[in-house]
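As the structure is a prediction and not an experimental result, all values here were calculated from the model.
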Amino acid sequence: MDTIFIDADRRIGGPYTLAAALLGHLVPAELERRPELVAAHDIEIRAAAPHLRDRVPLRRRSLADTLPREQRVLVPGVRRSLRIANGLAELVRDCLSRSGPLTLHVTNLEEADHTDTELVAVLRRRIDPGLLTIEEGPSRPGAGPLPADFDRYRDEGFHHAMAESGLEVLRGLAYEDEPERWQRLLHRVASSLEAVGREEEARELYDRLRRLSTDPRHRATAAYATAMILVRHHDHAQRDPEQALAWINEAVTITSLLPDPRERAFHLGFDLNGKALVEVRRGRRDAAMELVARAVELAGALGEEHPVHRLVLYANRAQLQAMAGQPEAALADYTRAIEIDPGYPDYYLDRGNLLHELGRDEEALADYETVMRLSPPFPEAYYNRSEVRYAAGDLEGARADLDHTLELDPEFAPAYVNRCGLHVAAGDYPRARQDVERGLELAPRDPYLLCVLGQVELAEERYPEARMAFDEALELDPELVAAWAGRAELAFERGDHEGALGDLTRALKLAETAELLFNRSLAYQAAGLPGQAREDLLRAVELAPEDEDVRRALARTRESPYRGG
């Protein structure tokens, strides 16, 4: 078994210090043996190992890769590093399946950057230890600061490194010495602090800028960013749309007065788009739509400049149109955004979701699978494809996609919701319970998980526990039909026919289905109300004329005279 020794201390090479060393060992040989394998992971390799960029050309290219940095307004989110880690794990697995087992002896893992810590966790989870063994050596804190490669950190979304290194530089850099550099760096650092959930530190930096700077552009940016913290805060209790409105109005006021018309058009459009989000949080969607329309109009004055800004505006308008019940207009705007940059994956995902809602599942599948081709492994694409497959009756395919979603991201709580539902439908209650319990660790107040927990408890005849789970689910979401139906089944099994009728009636007010009507007919029969039972079955036949169970049950009622109500 081959062994390589790697020092993972982030102070050596910043993010992906360990990954760069590992790729330096594996990629050159694979370029000779299987260049197509390397090409399939171009984004991941180039992000993690800059020293290999000259040897690994960029095959999956986004428009932003060709633009000046000041026009790349979309900074990758904090979850992108998980996608890169999964892509690297698949590359390493495929390399080792041919070259043979490998042992990594890693020192200073405790001093590694977030990206390498995350990568090691993914490697251990996804690669058979018979192929890859990771041994941890001693750790000792290094002396020397983290490399200050701020352009790389911004472009790749390495937010932990940007925050750490940027704060270190800001401590030694006086505003008076280099005001422009100081302000640009402060914005980058504060944005990364916000991305990793350190919003209070980000606000302190913006307050610091306000105390020192009178530059209108930078003050407007700080006002905009403060408003975004107040509407996107990780802790929902800290969100304050009214205070956000005050800050975003300050940004709009300042950028409206910028003397250069093109600069004004860009910055004002950016701020109006931010104000639209504030208005959405305030429940004023019509106002938000008007603001985005104004921003789109301003972007038209920029000509071919700032295409990424335009595609963001189209995509945001599409979201608002979808909320407003204008799906065709929303599809048109998503398509405009995609046509501007066909290599950017995220908006295919959004358009696919809308297509699925409209019942255009073949087109939705095409969009999800485009995301899979364009991006390192994207858990959301597999999760969304599972919903399309489930709707088409492909339960095996849906289960496979949910399994893969959770392999890529074990903390993707909605996938546990759907997978445990499949387990319940298959009668596999032990596995359903495992998924429910894991999901509730991540989202303890998720009503869907609590509803499935109630179904599991009911199947195992743990009736008090089932009732408690259904009650809690309904307390959190009074419109959850499955919880009303589950609680009705529990009542029926325990002989509480009145309780079953009450819960089924509540469920039917929310969603009239043949299944619910059939079940209520059984409860009416048990309660000695055959007329009401027949009425429900007649309506169920209208909704599902091919349902044999319903037709047989209706035929059995024909011998009794019907009495309404």
Under a 3.5 Å distance rule, please check whether [X] uses its side chain to pair with a backbone N or O of [Y] as donor and acceptor.
X: Ser521; Y: Asp536; result: no
X: Asn86; Y: Pro376; result: no
X: Arg310; Y: Glu305; result: yes
X: Gln71; Y: His306; result: yes
X: Arg125; Y: Glu407; result: yes
X: Asp271; Y: Ile248; result: no
X: Arg239; Y: His233; result: yes
X: Arg551; Y: Pro545; result: yes
X: Arg72; Y: Asp155; result: no
X: Tyr153; Y: His160; result: no

Would you find more than 12 non-hydrogen atoms of other residues, nucleotides or ligands less than 6.0 Å from [X] atom [atom1]?
X: Tyr448; atom1: OH; answer: no
X: Glu515; atom1: CD; answer: no
X: Arg431; atom1: CZ; answer: no
X: Arg285; atom1: CZ; answer: no
X: Tyr390; atom1: OH; answer: no
X: Asp286; atom1: CG; answer: no
X: Glu479; atom1: CD; answer: no
X: Arg281; atom1: CZ; answer: yes

Side chains of [X] and [Y]: is there a donor and an acceptor less than 3.5 Å apart?
X: Asn418; Y: Tyr383; result: yes
X: Glu90; Y: His41; result: no
X: Tyr368; Y: Asn353; result: yes
X: Arg389; Y: Ser386; result: no

Could you give the distance from [atom1] ([X]) to [atom2] ([Y]), rounded to the nearest 0.5 Å?
X: His267; Y: Leu298; atom1: NE2; atom2: CG; value: 12.5 Å
X: Asp94; Y: Ile127; atom1: CG; atom2: CD1; value: 9.0 Å
X: Leu291; Y: Leu313; atom1: CG; atom2: CG; value: 11.5 Å
X: Thr370; Y: Leu349; atom1: OG1; atom2: CG; value: 11.0 Å
X: Ile229; Y: Glu194; atom1: CD1; atom2: CD; value: 4.5 Å
X: Asp547; Y: Phe518; atom1: CG; atom2: CZ; value: 7.5 Å

Contact between [X] and [Y] at the side-chain level, heavy atoms closer than 4.5 Å - yes or no?
X: Pro345; Y: Glu380; result: no
X: Phe270; Y: Asn273; result: no
X: Tyr348; Y: Pro342; result: yes
X: Arg198; Y: His234; result: no
X: Thr505; Y: Lys509; result: yes
X: Thr66; Y: Leu63; result: yes
X: Arg336; Y: Arg317; result: yes
X: Leu91; Y: Leu26; result: no

Quiz prompt | Working for side chain to side chain contact (heavy atoms under 4.5 Å, CB included), residues Glu290 and Glu279 | solution = CA-CA 10 Å; Glu290 292 175 9; Glu279 294 291 22; over 6 Å; no

Quiz prompt | salt bridge (charged side-chain N to carboxylate O under 4.0 Å, His left out), paired with Arg351, selected from Asp367, Asp346, Asp333 | solution = Asp367

Quiz item: Per the side chain to side chain contact (heavy atoms under 4.5 Å, CB included) rule, which among Arg59, Arg83, Arg80 passes with Ile43?
Solution: Arg80

Self-check item: With Arg34, the side chain to side chain contact (heavy atoms under 4.5 Å, CB included) member among Val38, Leu37, Leu31
Solution: Leu37

Quiz prompt | Worked verdict on Met228 versus Leu277 for side chain to side chain contact (heavy atoms under 4.5 Å, CB included) | solution = CA-CA 8 Å; Met228 293 303 99; Leu277 175 57; 4.0 Å; yes

Should [X] and [Y] count as an ion pair when the cut-off is N to O under 4.0 Å?
X: Glu475; Y: Arg445; answer: no
X: Arg98; Y: Glu30; answer: no
X: Asp403; Y: Arg399; answer: yes
X: Glu297; Y: Arg294; answer: no
X: Arg419; Y: Asp428; answer: no

Which pair of heavy atoms, one from [X] and one from [Y], lies closest together, and at what distance?
X: Tyr347; Y: Tyr334; answer: O-CD2, 4.5 Å
X: Ala288; Y: Ala276; answer: CB-O, 3.4 Å
X: Pro379; Y: Pro377; answer: CD-O, 3.5 Å
X: Pro15; Y: Arg152; answer: O-NH2, 3.3 Å
X: Leu119; Y: Ala85; answer: CD1-O, 3.7 Å
X: Val278; Y: Pro241; answer: CG1-O, 3.6 Å

Self-check item: Parallel, tilted or perpendicular: rings of His309 and Phe266 (30°, 60°)
Solution: perpendicular

Exercise. Check each of Ser191, Ser192, Ser81 against His159 using the side chain to side chain donor-acceptor pair (under 3.5 Å) test, and report the only one that passes.
Key: Ser192

Quiz prompt | Derivation of the side chain to side chain contact (heavy atoms under 4.5 Å, CB included) call for Trp484 and Leu516 | solution = CA-CA 10 Å; Trp484 288 113; Leu516 289 172; over 6 Å; no

Practice problem: Kindly determine whether Gln434 and Arg438 satisfy side chain to side chain contact (heavy atoms under 4.5 Å, CB included), including the steps that lead there. | Solution: CA-CA 6 Å; Gln434 288 178 356; Arg438 178 64 179 123; over 6 Å; no

